[in-house]
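Quick note on labels: first sequence line is chain A, next is B, and so on, each numbered from 1.
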Protein chains: 2
Amino acid sequence: MAESTLLFSEIRNVQKFMRDETIVPQGESATCWYEVVHGAVRVCQYHSDGRRQIIGFAFPGDVVGLEWGMRQSCAEALVPSQLFRHDLSDLSLRMGGVPTAVNGEHPALESALAAAHQSIALLGLPTALERVAGFLLALARRLNCGTLLCLPMPRVDIADYLGLTMHTVSRTMSELVRRGLIALDAPNRARILAPEHLGELAGFDFPEDTVGEAQLVA
Amino acid sequence: MAESTLLFSEIRNVQKFMRDETIVPQGESATCWYEVVHGAVRVCQYHSDGRRQIIGFAFPGDVVGLEWGMRQSCAEALVPSQLFRHDLSDLSLRMGGVPTAVNGEHPALESALAAAHQSIALLGLPTALERVAGFLLALARRLNCGTLLCLPMPRVDIADYLGLTMHTVSRTMSELVRRGLIALDAPNRARILAPEHLGELAGFDFPEDTVGEAQLVA
DNA sequence: CGGGGACTTGATGGTTGTCAAGAAATGTGG
DNA sequence: CCACATTTCTTGACAACCATCAAGTCCCCG
């Protein structure tokens, strides 16, 4: 997994988090945000009735915790991760923003918004097959890992993100294997065999590079 | 429906759009964005296979067309509307931003992101009943209309937004009426009878005012 | 009064959630 | 290195939910 570039003088502001450790707690007043340097992060909401909803996932170059006022969501490390802490007041830092941005004063916010819109498009798909196909394809593009996709999150996290159950996610991935669109070398190691066919399922009719490299959440 | 405040000198920059008229076309390179002054707008994506996905709805104070590079989505007027055109380079204008913002340099972007996250939370709900309940409640809060909610969009738009069919939306609203949670004086005029019960269904356990007044999309 | 669009409702089949069990991967201690 | 426990993942059976197909109703407008 690639690292995002940091100035030498900024290395000291990088914080390390263990697997499942809370990076940003839900419900507190926001004073800072984080850029993922290394690892993988989930952004989610816990509800009083015990339900959990995952808003999105963040990877190196992405931003989490970018909220104002009371935090509606929290961020947790999916794997041991390193994040660069920013004060909430500095938004004009150079960031892994949208390369094609015309003006792009605030790539952190801009690409966060673009990523959120892609998530909305994903969640609006009607069937589990389409949502899982779109999820895998979007993740592979985001991680820029070619055809060999390592899934840093468990099935239940994918399920809570796509509005499905763990069982349906598992069944659907088996169905994608059965159709020859992907292969599973291990539960968390997938190979994308037919990306264009996955794209058709998910309604990804944009030409591969219209979505910026760095996407993010929260 | 309230108007957002504009300086007198800016009135001339307000453009009017008919019902169903395209405000921002999909696929072109973005050069500007719009603030809704009066009316209602839907933001959506058209796919090459004929499917349509609605990303969100925008109302006075909201922002549409805030993208960089090739536009992934378009904006269309739900009802006769007036929008204030901004150049893509000016993001530091005063806007109907999040009132509780700590710093809030760019409320347009910030509240767009917050609204997108709320949409993601809505679309992640597992059942049609929960999604429709959450949609109605969120819309009533956004429009600040008390209990009398006027729906400016047809059923099929709600369906394409929530990832359901028009039939399921209609059936679900009838079910909400049957349960006494809402009343329908007309197809597009609903009364919220039990907001707290709707909130329970949708998992809205936040205390009513944690989400800013002005929300928006795209 | 008649026509058309939007909405509602019924019947049916496919899809997904739930409950349950089992398999596979992972971690731990011997 | 192996045995065991734990967690994660997968799969089956059944019920609940939703999409599809098809009428039918309501309302607006000419």
Once you measure the plane-to-plane angle for B/H86 and B/W33, does it fall in the parallel (<30°), tilted (30-60°) or perpendicular (>60°) bin?
parallel

Can you pull every protein N or O that's under 3.5 Å from an N or O on nucleotides 10-14 of chain C?
unit_1: C/dG10; atom_1: N7; unit_2: B/R171; atom_2: NH1; d: 2.9
unit_1: C/dG10; atom_1: O6; unit_2: B/R171; atom_2: NH2; d: 3.2

Within the side chain of B/R71, is there an N or O that forms a donor-acceptor pair under 3.5 Å with the backbone of B/A30?
no

Ignoring hydrogens and geometry, is there a side-chain-to-backbone donor-acceptor pair from A/T147 to A/I192 under 3.5 Å?
no

So, the side chain of A/S170 versus the backbone of A/M166: is there a donor-acceptor pair under 3.5 Å, distance only?
no

Interface limits on DNA chain D, where chain A has a heavy atom under 4.0 Å of a nucleotide atom:
D/dC9 to D/dA13

What is the distance, rounded to the nearest whole Å, between atom CG of B/L164 and atom C1' of C/dT16?
14 Å

Got a donor-acceptor contact below 3.5 angstrom from the A/R155 side chain to the A/P187 backbone?
yes

Taking the nucleotide of DNA chain D with the closest heavy atom to each, which residue, B/T168 or A/A186, is nearer the 5' end?
A/A186

Determine, for B/E175 against B/R179, whether the closest basic-nitrogen to carboxylate-oxygen distance falls under 4.0 angstrom.
yes

Donor-acceptor under 3.5 Å (A/Q82 side chain, A/V14 main chain)
no

Could you go through nucleotides 3-7 of chain C and list every protein N or O atom that sits under 3.5 Å from one of its N or O atoms, giving the distance for each pair?
unit_1: C/dC7; atom_1: OP2; unit_2: B/R155; atom_2: N; d: 3.2

Do B/V36 and B/L83 come within less than 4.5 Å of each other through their side chains, counting heavy atoms only?
yes

Could you give the side-chain donor-acceptor pairs of residues 193-201 of chain B under 3.5 Å, partners two or more places apart or in another chain?
none

If each end axis of the helix from C/dC1-D/dG30 to C/dG30-D/dC1 is fitted on five C1' pair positions, the angle between them, to 10 degrees, is 40°

Donor-acceptor contact below 3.5 Å, side chain B/E110 vs main chain A/W68
no

Rounded to the nearest 0.5 Å, how far apart are CG of A/L125 and CZ of A/F204?
7.5 Å

Going by the side-chain contact (heavy atoms from CB on, under 4.5 Å) test, name the single residue among A/S73, A/S119, A/C44 that passes it with A/I54.
A/C44

Closest approach of A/A202 to B/R51 (non-hydrogen atoms, all atoms of both residues)
C-NH2, 3.7 Å

B/D185 CG to C/dT8 P, in whole Å, measures 13 Å

Between C/dA25 atom C1' and A/L151 atom CG, what is the distance in whole Å?
15 Å

Describe the nucleic acid contact of A/L184 in one word from base, sugar-phosphate, nothing, applying a heavy-atom distance below 4.0 Å.
sugar-phosphate

Within residues 127-135 of chain A, residues whose heavy atoms come under 4.0 Å of DNA chain C:
A/T127, A/A128

